[in-house]
Amino acid sequence: MEKDDSELTLFGALDAFPGDPSCDVCPTRAIYWDNENAAACVETGDCIGCGLCVSRCPYGAIRLGDGLTALVETADPDGLVIAGPTKREHPQVKRSGKIATLNAPAAANLPRTIAALDDARTTLLVRNLLNEVGLNARTRRRGDTNMRIDAVGFSRRERPFVAEIETGVGVLESPRGLLEDVAVLHSRYGYAVDGIDPVSIILSFPNVRSEYYQVIRDIEKVLGLRCRTITVGALVTLLWNCTKLDGFDGNTFTVGAGTIDLADCLGLDDAKLAEPYSGAFRPAK
């Protein structure tokens, strides 16, 4: 399962950003085409249950089996499939409903499964999640030591953002790295500093006593830059609820003074979203 090359295109000056050219939808390449049986198959041992293939399948033939790994439906007990000429283009579909609920095992397992991924696969996962929730994003090319920025892109309102991706113990370095990223986007690509949204993409919120929050507040107080924070769990929640993210306007995804709860920023109707895993929406006490 692959993206079309056009999906990796950024408009304007940012299209010069040296991004990862991979068109893979699955970050672990767990889904493949079985030529002998003319069917898509999933290597369950490699599947992390992110739901990207479920969202991308134009025929609704993939689901999360037992809320854990992708499963391709090959049976047709109701005779819904009608033989016909092969078309070169797949149908465009509009998703609704839910891929899975947030208490599914795949969601709870995200910290463990992501920790087992290498940097390239983690970055590809994040890029594809950003794309699927509506953000035009590109991540840095694998092995590129000359580019410090992890990801760039545009919101659905065509406002540029720059992102640091940190799913390990180096979360504290993320807001500091964003300062460098904003400087690069301004000096090399010509975007006004106050027109850029700096975003930390992390796996889990650190403890409430972490210096992370104070650093972000200091940056806004001294430099006027409002750094945002979004977790992989929040992106998966949007994906699983077939919901798009417009961007990072106003106070959304900020960690200023007061209670931090990303559930309030996701635009979902659920009265109180349960976290898919600890730290996905709220800092640990």
Side-chain angles (χ1 to χ4, degrees), residues 1-10 14-15 17-33 40 42-43 46-58 60-64 69-70 72 90 92-95 98-100 104 106-107 109-111 113-142 144 149-156 161-167 199-203 230-248 266 276 280:
M1 183 178 284
E2 293 186 340
K3 292 174 171 288
D4 186 84
D5 288 337
S6 63
E7 296 180 70
L8 305 181
T9 301
L10 297 179
L14 271 188
D15 198 42
F17 180 82
D20 183 355
S22 173
C23 291
D24 289 335
V25 169
C26 177
T28 62
R29 290 191 169 183
I31 189 166
Y32 64 94
W33 183 257
V42 175
E43 182 59 59
D46 294 332
C47 178
I48 61 173
C50 62
L52 283 166
C53 61
V54 182
S55 175
R56 293 282 301 192
C57 180
I62 308 176
R63 61 182 175 86
L64 283 186
T69 56
V72 180
H90 295 298
Q92 298 292 319
V93 296
K94 184 176 181 180
R95 301 289 177 194
K98 293 184 179 182
I99 290 175
N109 291 342
L110 277 172
T113 53
I114 290 177
L117 299 178
D118 60 28
D119 178 65
R121 291 186 176 188
T122 299
T123 302
L124 186 60
L125 168 66
V126 171
R127 184 201 71 181
N128 291 350
L129 286 171
L130 290 170
N131 291 162
E132 287 305 300
V133 301
L135 302 184
N136 184 214
R138 184 183 291 177
T139 49
R140 60 180 170 81
R141 190 165 45 225
R142 306 177 194 188
D144 188 346
I149 301 173
D150 286 339
V152 297
F154 293 94
S155 70
R156 284 156 60 85
F161 70 86
V162 63
E164 286 289 303
I165 302 171
E166 182 53 71
T167 59
V199 184
S200 291
I201 302 174
I202 61 178
L203 179 59
I230 191 167
T231 63
V232 175
L235 291 173
V236 168
T237 298
L238 290 168
L239 177 74
W240 285 13
N241 283 272
C242 302
T243 300
K244 300 299 184 183
L245 176 62
D246 287 332
F248 304 99
L266 300 181

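The structure displayed is predicted, hence computed values, not measured ones.
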Seminar exercise, completed: In terms of heavy-atom contacts, Ala100 and Leu64 come closest through CB-CD1, 4.0 Å
Exercise. What's the spacing between Leu125 CG and Leu130 CG if we round to 0.5 Å?
Worked result: 9.5 Å
Seminar exercise, completed: Gly49 and Ala106 have their tightest heavy-atom pair at O-CB, 3.5 Å
For this session: Please name all residues satisfying side chain to side chain contact (heavy atoms under 4.5 Å, CB included) with Asp150, sequence neighbours left out, ordered by chain then number.
Result: Arg140, Glu164, Ile165
Problem set entry | Pro276 versus Thr237, closest heavy-atom pair with distance | CG-OG1, 4.2 Å
Problem set entry | Criterion side chain to side chain contact (heavy atoms under 4.5 Å, CB included) against Ile62, the qualifying member of Ile99, Leu52, Val54 | Val54
Exercise. Can a donor-acceptor pair be found between the side chains of Asp20 and Ser22 at a distance below 3.5 Å?
Worked result: no
Exercise. Is there a side-chain contact between Asn136 and Leu10, using heavy atoms and a 4.5 Å cut-off?
Worked result: yes
For this session: Mark yes or no for whether Arg138, through its side chain, and Asp15, through its backbone, hold a donor-acceptor pair below 3.5 Å.
Result: yes
For this session: Starting from the C-alpha separation in whole Å, work towards a yes-or-no answer on side chain to side chain contact (heavy atoms under 4.5 Å, CB included) for Leu245 and Ile230.
Result: CA-CA 11 Å; Leu245 176 62; Ile230 191 167; 4.2 Å; yes
Problem set entry | Where at least one partner belongs to residues 22-32, residue pairs that pass salt bridge (charged side-chain N to carboxylate O under 4.0 Å, His left out), sequence neighbours excluded | Asp24-Arg29
Exercise. Under the side chain to side chain contact (heavy atoms under 4.5 Å, CB included) test, which residues partner Thr28, sequence neighbours left out?
Worked result: Cys26, Ala30, Asp46, Ile48, Leu117, Arg121
Exercise. Sequence neighbours excluded, which residues qualify as ring-ring contact (aromatic ring centres under 6.0 Å, His included) partners of Phe17?
Worked result: none
Exercise. Which is it for Thr243 and Leu266 under the side chain to side chain contact (heavy atoms under 4.5 Å, CB included) test, yes or no, and what are the steps along the way?
Worked result: CA-CA 8 Å; Thr243 300; Leu266 300 181; over 6 Å; no
Problem set entry | Residues that Lys3 engages under side chain to side chain contact (heavy atoms under 4.5 Å, CB included), provided they are two or more places apart | Glu7, Leu8, Cys23, Val25, Arg56, Arg127, Asn128, Asn131, Glu132
Exercise. Where is the tightest heavy-atom contact between Ile31 and Cys53, given as atom of each residue plus distance?
Worked result: CD1-CB, 4.2 Å
Exercise. What is the minimum heavy-atom distance between Thr231 and Leu203, and which atoms define it?
Worked result: CB-O, 3.7 Å
Exercise. Given side chains that start at C-beta, do those of Val42 and Thr69 come closer than 4.5 Å, heavy atoms only?
Worked result: no
Problem set entry | Atom pair OG1 (Thr122) and CD (Glu166), whose distance is rounded to the nearest 0.5 Å | 10.0 Å
Seminar exercise, completed: Residues passing the side chain to side chain contact (heavy atoms under 4.5 Å, CB included) test with Asn109, sequence neighbours excluded, are Leu68, Pro105, Arg112, Thr113
For this session: Test Thr139 against Leu124 for side chain to side chain contact (heavy atoms under 4.5 Å, CB included), laying out the working first.
Result: CA-CA 7 Å; Thr139 49; Leu124 186 60; 5.7 Å; no
Exercise. If you round to the nearest 0.5 Å, how far is OG of Ser155 from CZ of Phe248?
Worked result: 8.0 Å
For this session: Considering non-hydrogen atoms only, spot the tightest contact between Cys50 and Trp240 and give its length.
Result: O-NE1, 2.8 Å
